[in-house]
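Shown next, in structure tokens, is the structure this report addresses.
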Amino acid sequence: MKVLIVGGVAGGATAAARLRRLNEFCEIILFERGEHISYANCGLPYHIGGVIEDSGQLILQTPESFKARFNIDVRVKSEVVSINPASKTVEVKKVDTGETYSESYDYLIISTGAYPVLPSIKGADSERVFTLRSIADTFRIKDFIDRIKPRRAAVIGGGYIGVEVAENLHKAGLDVTIIEKANQVIASIDFDMAAQVHRHIEKMGVRLLLESTVHAITDGKGELRIAVDRDEITADMVVMAVGVLPDTALAKRAGLKLNQRGSIIVDRYMRTSEQDIYAVGDAVEVTDFITGQQTFIPLAGPANKQGRIAADNICGLESEYTGTQGSSILKVFDLTVAATGINEKTAKKLGIDYDKSFTFSPSHASYYPGASTMSMKVLFEKSSGKILGAQIIGHQGVDKRCDVIAAAIRFGATAYDLTMLELCYAPPYSSAKDPVNIAGYVIENILQGRVKHYHWHDVDSLPRDGSVTLLDTRTGSEYQKGHIDGFINIPLDRFREHLRELDKSKPVYVLCQIGLRGYMACRILAQNGFDCYNLSGGYQLYQSIFGRGAVHQNEMINPETQLPKDLPDNGKDN
């Protein structure tokens, strides 16, 4: 049996290694048009910032090491320019010489990946404008920084690569501006979670321009002038990071079926429209594990799995790819952003009957030194409580919690299952009730009707005409530091004393700092005959989106007109 593989890195190299482990006598040839067959694609930005000092550490396998360990014929600087399915041959061009030759196959695996989008912006072809997709791109950027010593950089695009590049350019000593066309960075999370990331990026010294479109780049006297809507930004270099598209021109010329986006259509065995041709990685269309919709999710983890599955099926082992749920994680300076499953934008677009919860939990026991708060948004199906997706942001323990929920989603877990998970606990690592358990408890209370809730985007539409009661259950000192217009302050610990002052005929909307005291207040109110709603995520979430709130310390409503005089300050949220 003879197998040809077009492209290395994640999918192709994994397929080659798996083929050899399954069949010692198979002839395997791997073609790569570049110089490197297997490198740490996701580590490229960190070499630019000097975190990974030795560029050699980015190279995972060389042609020589692959040959020695796996007996695979690796041909670098060899571009497959055409595929003839009828004759089961490919035409290969040697990049250095232009010489071409044919190679036959029994099976072919296409792993051509994706290429960075270069928008049609005037001046984008300047030698000071870069993209980052390959190890060669990394070397070009690093060499430019070392030689030219630029002081200012603009990154166009606020996705994962854009944010990582911006951080590492900043680490390299440059003044950095991120320019993003949308109203948020990191499209895989929702705006209400991205707001926290926006503040952190700016806090760390990177300028962030949202809802901003680049119209032209002018290169003059070593300085780039970037026309952004009605503004102009100057920079010494630009990195384009506006996204990627599947690199499938070769597959298209071969007559393989593609979708409208240009991704190769494959079945669950990673087989293309041609019986003996498989495709894996960023070049293929995948099924969203949550929705069942066909989509494009370029990630290294799925590419590796797909390479293994293609090899299995070629060797007669029936193996299926069951879908991509988009589990991803990003380092933003000292902040971690992770997501799995679908986001709210997707749920709305597809008309899914969902709800959401927001929780804020310490990364480990709060009494053990070094604990920090992580914010967690979880989407769930209203009818069953099935977990649909999660987004988590924090400084510690984010990866652990997102991985737990990713595994729960893969096995069809509900919020009730999250409450039952027995997770590792010791004060330096977690709490006896882990943040994942807490998220499950909160959703369980919603599903079972123990609490009704409302969200940050509902606040401004609440009537301020006296037809509803708006209560802030935080302490007096918290309220004085900032609160939302129209909410009167009755701290939770004195709540029962003031129930008789409230009108049972009016719905009551309560809030606290993170949602916990509001939930407690709603339980008290509900059991005393009130119709009560708790603000999910509390004032902390509202504040992270809108700022300090509609009313600030220097513009307080006179508390004498609406607050009981004898309510004490009883400490902070627990």
Side-chain angles (χ1 to χ4, degrees), residues 357-362 366-367 373 419 431-433 437-456 458-459 462-543 549-551 553 556-574:
S357 71
F358 296 91
T359 54
F360 294 87
S361 302
S366 57
Y367 58 81
T373 300
T419 70
S431 299
K433 290 183 285 190
N437 298 136
I438 294 295
Y441 294 141
V442 168
I443 298 171
E444 179 186 57
N445 285 331
I446 296 168
L447 292 170
Q448 296 185 348
R450 294 194 186 96
V451 67
K452 300 176 187 177
H453 64 174
Y454 65 109
H455 294 290
W456 60 269
D458 302 318
V459 171
L462 293 175
R464 266 72 170 178
D465 59 2
S467 60
V468 301
T469 302
L470 307 178
L471 295 180
D472 187 325
T473 66
R474 296 176 299 156
T475 64
S477 63
E478 289 173 302
Y479 185 85
Q480 293 290 323
K481 291 176 182 177
H483 62 268
I484 300 174
D485 184 24
F487 282 76
I488 64 172
N489 182 218
I490 302 180
L492 177 65
D493 293 345
R494 298 291 302 275
F495 212 71
R496 293 178 181 87
E497 301 174 25
H498 298 277
L499 285 178
R500 286 176 294 181
E501 301 167 20
L502 304 176
D503 187 346
K504 286 187 180 181
S505 68
K506 298 178 181 180
V508 182
Y509 291 83
V510 303
L511 68 80
C512 66
Q513 188 66 16
I514 62 172
L516 175 59
R517 282 175 288 180
Y519 164 66
M520 294 176 182
C522 267
R523 291 302 300 150
I524 295 170
L525 289 164
Q527 292 176 82
N528 280 277
F530 290 85
D531 183 20
C532 184
Y533 300 81
N534 183 34
L535 179 59
S536 182
Y539 184 77
Q540 183 163 322
L541 178 64
Y542 185 90
Q543 182 187 48
V551 179
Q553 192 169 2
M556 297 291 289
I557 294 174
N558 183 1
E560 296 293 328
T561 64
Q562 57 177 327
L563 301 181
K565 295 181 180 180
D566 60 345
L567 296 182
D569 181 346
N570 286 309
K572 297 181 178 179
D573 221 345
N574 292 317

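Only this structure's heavy atoms are used, side chains among them; waters, hydrogens and symmetry mates stay out. It should be emphasised that the depicted structure is a prediction, and the values quoted were computed from it without experimental measurement.
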| field | R474 backbone acceptor or donor facing E478 side chain under 3.5 Å | value | no

| Qualifying residues under side chain to side chain contact (heavy atoms under 4.5 Å, CB included), relative to S505, sequence neighbours excluded | D503

Do any side-chain atoms of residues 443-451 form donor-acceptor pairs under 3.5 angstrom with protein atoms, and if so which ones, sequence neighbours left out?
| from | atom 1 | to | atom 2 | distance (Å) |
| --- | --- | --- | --- | --- |
| N445 | OD1 | R450 | NH1 | 3.3 |
| N445 | ND2 | Y441 | O | 3.3 |
| N445 | ND2 | Y519 | OH | 3.4 |
| Q448 | OE1 | R450 | NH1 | 2.5 |
| Q448 | OE1 | R450 | NH2 | 2.5 |

| said: Using a 3.5 Å distance criterion without hydrogens, assess whether the side chain of N534 forms a donor-acceptor pair with backbone atoms of K452. | reply: no

| request: Supply the atom-to-atom distance W456 CH2 to Q540 CD, rounded to the nearest 0.5 angstrom. | output: 15.5 Å

| request: Under the side chain to side chain contact (heavy atoms under 4.5 Å, CB included) rule, collect the residues that match up with P507, sequence neighbours excluded. | output: V468, Y509, D531, Y533

| said: Please tell me whether H483 and F487 form a close aromatic pair, meaning their ring centres lie under 6.0 Å apart. | reply: no

| task | Output the distance between atom CG (L462) and atom CG (L470), rounded to the nearest 0.5 Å. | result | 6.0 Å

| Side chains of S431 and S361 in contact at under 4.5 Å (non-hydrogen atoms) | no

| query | Can you name the nearest heavy-atom pair linking G515 to C512, along with the distance? | reply | N-SG, 2.9 Å

| Taking F530 as the fixed residue, which of V508, T469, I524, V510 is the one that meets the side-chain contact (heavy atoms from CB on, under 4.5 Å) rule? | V508

| Do L516 and F360 come close enough that some side-chain heavy atom pair is under 4.5 Å? | no

| query | Judged by atom type as modelled, is there a donor-acceptor pair below 3.5 Å linking the side chain of S536 to the main-chain atoms of F358? | reply | yes

| R494 side chain to L492 backbone, donor-acceptor under 3.5 Å | no

| message | Whether the side chain of D472 engages the backbone of I488 through a donor-acceptor N/O pair (distance < 3.5 Å, no angle test) should be reported. | response | no

| What's the spacing between L471 CG and L535 CG if we round to 0.5 Å? | 12.5 Å

| field | Full working for side chain to side chain contact (heavy atoms under 4.5 Å, CB included) between Y454 and V459 | value | CA-CA 8 Å; Y454 65 109; V459 171; 4.0 Å; yes

| task | Might you point out which heavy atoms bring N437 and A432 nearest each other, and give the distance in Å? | result | OD1-O, 4.4 Å

| said: Nearest 0.5 angstrom please: T473 OG1 to N489 CG, how far? | reply: 8.5 Å

| task | Could you tell me whether the side chain of N528 and the main chain of L525 form a donor-acceptor pair under 3.5 Å? | result | no

| How long is the span from the CG atom in L499 to the CD atom in Q527, to the nearest 0.5 Å? | 11.0 Å

| message | If I take atom CD from residue E501 and atom NE2 from residue H498, how far apart are they, to the nearest 0.5 angstrom? | response | 5.5 Å

